[in-house]
Q: 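Pasting a structure here, questions to come.
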Amino acid sequence: IALRMFIASGDVVPSFKGFTLIMPAVSVGNVGQLAVDLLISTLNMARVGHFHTDCLIPMAGNNPYATCAEEAGQLSTSAEVYCHSDSKLAVLQIRTPIIQTKVRSFRKLMVSWIKSSGFLRSVLLSSSQAYHRDDQQLHGTPLRYLLTPSLQKEEAPRVEELGWREMERISAFPGVSDSEQRLYIPGGGVTKALYTDCCTEGISMAVVLIFCSEGDNIPDAFALVNHLNDWLHLLEKPVRAQGSVQWRVPPSWRLLFGSGIPPLLF
């Protein structure tokens, strides 16, 4: 089912064995999707296929990463896969929400595709509602991570060295009993369930997320992708830029808040 779901752009189905997969969760502020936009645009990643599934709301539009008029006419769909062979990096961009009644089916499809494709590891970029944070989550950085048991041995020392903070478990019954702790990611969409599925299936997955609120979430996207880059070194930091990465903003972001107010209204 998962192989029929993925349709290659060319005649040959690409091999992702040994690749790192990065994908967004459709979550509060769409931060994961914006961060993936920055990766695809900056690394000039080639589209290698798209997903045909009834689990996502259908969509068709122009190429969001077009740099010339000829590229703008290329058709884009609700879920597409991009590849950067030199970095052994694959990116799945999801542009529309998951249909509520199809969430479980979507999770099964993603787990099946990740396993059959032979990815070395997967990274889920997500976000969570800032106003739901408890006292311990209000201090310090708004960025958090989670690692499945399969990825713990390899990457736990590295993320600890970077000073990353693991997503805290909170009390299931606050103010009554602290004995039962649970993972709580409000506004995270499929994040918690897909992470749990990957733990059960023995898939090497990391969740990297940021606490945020709805609004102008571009700064959150930059913070999230810079945080990810500190770990994976997808883009080297130039010395002259004071240690910051120069991400390329895709042309589609010009219409992020609409096309403006028509002057003829006045």
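What you are looking at is a predicted structure, and each value in this text was computed from that prediction instead of being measured.
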Q: Between Thr200 and Thr196 (side chain of the first, backbone of the second, donor and acceptor by atom type, cut-off under 3.5 Å), is there such a pair?
A: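 Side chain of Thr200 to backbone of Thr196: a pair is present.
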Q: So does Glu161 pair up with Arg158, basic N to acidic O under 4.0 Å?
A: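 Yes, this pair counts.
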Q: Taking atom CG of Asp216 as the centre, does the number of heavy atoms from other residues, nucleotides or ligands within less than 6.0 Å exceed 12?
A: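 Enclosed: over 12 neighbouring heavy atoms sit under 6.0 Å from CG of Asp216.
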Q: Are the side chains of Asp220 and Leu224 in touch, meaning some heavy atoms are under 4.5 Å apart?
A: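 The answer is no, as the side chains (C-beta and beyond) never meet within the 4.5 Å cut-off.
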Q: Roughly how far apart are Ser78 OG and His50 NE2, rounded to 0.5 Å?
A: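 Interatomic distance, Ser78 OG to His50 NE2, rounded to 0.5 Å: 8.5 Å.
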Q: Working to the nearest 0.5 angstrom, can you tell me the gap between Ser105 OG and Met110 CE?
A: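 Reported to 0.5 Å precision, the distance equals 13.5 Å.
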Q: Mind checking what makes ring pair (Phe, Tyr, Trp, His ring centres under 6.0 Å) contact with His227, not counting sequence neighbours?
A: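 Checked His227 against ring pair (Phe, Tyr, Trp, His ring centres under 6.0 Å); matches are Trp164.
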Q: Going through the checks in order, is the salt bridge (charged side-chain N to carboxylate O under 4.0 Å, His left out) test met by Arg95 and Glu80?
A: CA-CA 9 Å; Arg95 299 190 174 96; Glu80 296 179 320; 2.8 Å; yes
Q: Between CE of Met205 and CG of Asp197, what distance do you get to the nearest 0.5 Å?
A: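 Atom-to-atom, Met205:CE and Asp197:CG are 9.0 Å apart.
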Q: Under a 3.5 Å cutoff, is there a donor and acceptor pairing between the side chains of Asn226 and Trp247?
A: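 Present: a donor and an acceptor within the cut-off.
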Q: Can Asp37 and Gln93 be counted as having a side-chain donor-acceptor contact under 3.5 angstrom?
A: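 Yes, a side-chain donor-acceptor pair sits under 3.5 Å.
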Q: With Phe119, which residues qualify under ring pair (Phe, Tyr, Trp, His ring centres under 6.0 Å), at least two apart?
A: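 Listed in chain order: Phe16, Trp113.
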Q: Flag the pair Glu154 and Arg121 as a salt bridge only when some basic side-chain nitrogen lies within less than 4.0 angstrom of an acidic carboxylate oxygen.
A: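 No.
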Q: Check whether any side-chain heavy atom of Leu89 lies under 4.5 Å from a side-chain heavy atom of Val91, and answer yes or no.
A: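 Yes, at least one pair of side-chain atoms sits under 4.5 Å.
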Q: Calculate, to the nearest 0.5 Å, the distance between atoms OH and CZ belonging to Tyr184 and Arg169 respectively.
A: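 Separation between the atoms: 15.0 Å.
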Q: When the ring centroid of Tyr65 is compared with that of Tyr82, is the distance short of 6.0 Å?
A: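 Centroid separation for Tyr65 and Tyr82: below 6.0 Å.
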Q: How would you list, by chain and number, every residue that makes a side chain to side chain donor-acceptor pair (under 3.5 Å) with His139, sequence neighbours excluded?
A: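 Expected list: none.
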Q: Just wondering, do Val36 and Met23 contact through their side chains at under 4.5 Å, heavy atoms?
A: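 In short, these two side chains do not touch, never coming nearer than 4.5 Å.
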